[in-house]
Amino acid sequence: MSVSILRGMSDSIPAGAARPADVAATVRAFLAEAVGDAPEPDEDMFARGTVTSLFALQLIAFVENTFGIEVEPEDLDFANFRTVNAVTAFVGGKRAATSRG
Amino acid sequence: MDTHTDTDTAVVAGAAGFADTVRLDAAAWDRTGVLPATVVTDAGAAGLLARDLPRRYGGADASPAAIGEATARIGAVCSSLRALLTVQGMVSAALGRWGSAEQRERWLPALATGAAVAGFAATEESAGTELAAVATSIEPSGDALRITGRKRWVTFGATADLLLVIGRLDGAPAAVLVEGDRPGLRREPVRGQLGLRAAQVAHLDLDGVRVPRSHLVAPAGFGLSHVAGTALDHGRYTVAWGCVGLARACQRAATAHAVERVQGAVRLADHQLVRATLGRGHVAVTAAEQLCRHAAQVRAVRDPDAVAATVLAKYAASRAATRVSRDAVQVHGAAGCDPDSLVGRFLRDATVMRIIEGSDEVSELHLADHAIRAHRRSGAAAPARPGPVAVPS
């Protein structure tokens, strides 16, 4: 899949295969790229004021593409996206729901 | 059998065929400032609108590459008609992505056929490039939302049946759907603007317009970053390809004129300065095409870098379009200044394309941000190399 060539990252991880720690590390690495240095696990990265107006959509595309999930309209809650821990929990929840379904 | 490819081929061929049927009318539309309603109906019937929507909503589920090429075919004939495709695609993309199930079922089929023409009402007097400054208020009022504000430069704002309005709800950016026949909506058509003269541009006055609460698209707080963001990303993509079509048409026109026009027993094409102009134009058009194709590829796999690749494509293509159209006017001489001149009209249109959906200057800031991210990704110690988006494959 060409995504790995384009981003230099691993291909999408199959549903249910990644541990929360792996998800958190991957999310943290993406955010470090986006905001300059890696945020703390519970740091609100939107509060830094360094993200651009395109960042929100890039973050959505990143979690969908990397973890093979679909962010749906009902998932739009800042509680899901503010911090590394929040994104990790969100991804974990979506993947659990996907593998059950 | 690859049905996706069959669909893509049909989408591009359909647009090319439609472009041929309206080629001779576009100058008159520009002069009168009107895109006839029948053309909108015909464009819908020909399947030109919202072609990348899923089939269940009446879309063609075409690939980004096919959407791009199809848009370029229309852009090579009429920027105002191309703008119809753009705004319809923007609102459809935003609703398709973030609309409720009810909103998608209600509106997407109508947008796909052109039964409803869409408008995207974001810009205000004090909120242009900086959309975060929108002041239009969206206030809860019983079971309804009351919308008050003034929107400017709304493409197809004079005729739109469905407006996606960006405002503030409880202080947070929010997006709301407003039907064109809601009481309290007044339209003030704009005439004689620099370019896109047949795109039915209007300023809109919303004076306590009431819509059901179910017209809110995504929760308050997500109206700008996600709803408008998705619309603008789609808009940049089709504007970019429209610019490619425009630039191709100008390069063709300049080349044909240079080859055919003889003055003082010398063909224009035999003057070295004219040949150099054609050479530079060829580079500009080819580079814009390749950057747009690259954007198509990364969009197709939903790469997180697709947003940035699209900004890059739009930036480069709109600059190529202004450059090539300006040179084409120069090569045509007085003929390029004729009121009905294709290249003259396209020079005016191309200038607008460097401002809408992200001006040159804002694009440069985003592109710099992307370059810095690519640098971080590659590791600060590694030697500088072009980022992945900078080199189309």
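Only heavy atoms go into these numbers, but all of them, side chains included; no hydrogens, no water, no symmetry mates. Just so it is clear: chains get the letters A, B, ... in the order the sequence lines come, proteins before strands, and each one is counted from 1.
Under the side chain to side chain donor-acceptor pair (under 3.5 Å) criterion, B/Thr123 pairs with no residue, sequence neighbours left out.
Separating the CZ atom in B/Arg302 from the CD atom in A/Glu70 is a distance of 5.0 Å, to the nearest 0.5 Å. Note that CD of A/Gln58 is 10.0 Å distant from CG of B/Asp303, once rounded to the nearest 0.5 Å. Separating the CZ atom in B/Arg376 from the CD atom in A/Glu33 is a distance of 8.5 Å, to the nearest 0.5 Å.
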Contacts under 3.5 angstrom, residues 216-231 of chain B side chains, donor-acceptor by atom type, not counting sequence neighbours:
residue, atom, partner, partner atom, Å
B/Thr230, OG1, B/Trp98, NE1, 2.9
B/Thr230, OG1, B/His226, O, 2.8

In a table with atom names and distances, give each donor-acceptor pair under 3.5 Å that connects a side chain of residues 165-175 of chain B to protein atoms at least two apart or in another chain.
residue, atom, partner, partner atom, Å
B/Arg168, NE, B/Gly171, O, 3.1
B/Arg168, NH1, B/Ala132, O, 3.0
B/Arg168, NH1, B/Val134, O, 3.1
B/Arg168, NH2, B/Gly171, O, 3.2

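Heavy-atom distances place the side chain of A/Ile60, and not its backbone, under 4.5 Å from chain B. For a residue to count as touching a neighbouring chain, one of its non-hydrogen atoms must lie under 4.5 Å from one of that chain's; by this rule A/Val63 does not touch chain B.
For residues 74-82 of chain A, the interface with chain B (any heavy-atom pair closer than 4.5 Å) comprises A/Leu76, A/Asp77, A/Phe78, sorted by residue number.
A side chain to side chain contact (heavy atoms under 4.5 Å, CB included) with A/Leu54 is found for exactly one of B/Asp233, B/Asp369, B/Val307, namely B/Val307.
Between B/Arg104 and A/Pro73, the closest side-chain pair of non-hydrogen atoms falls below 4.5 Å.
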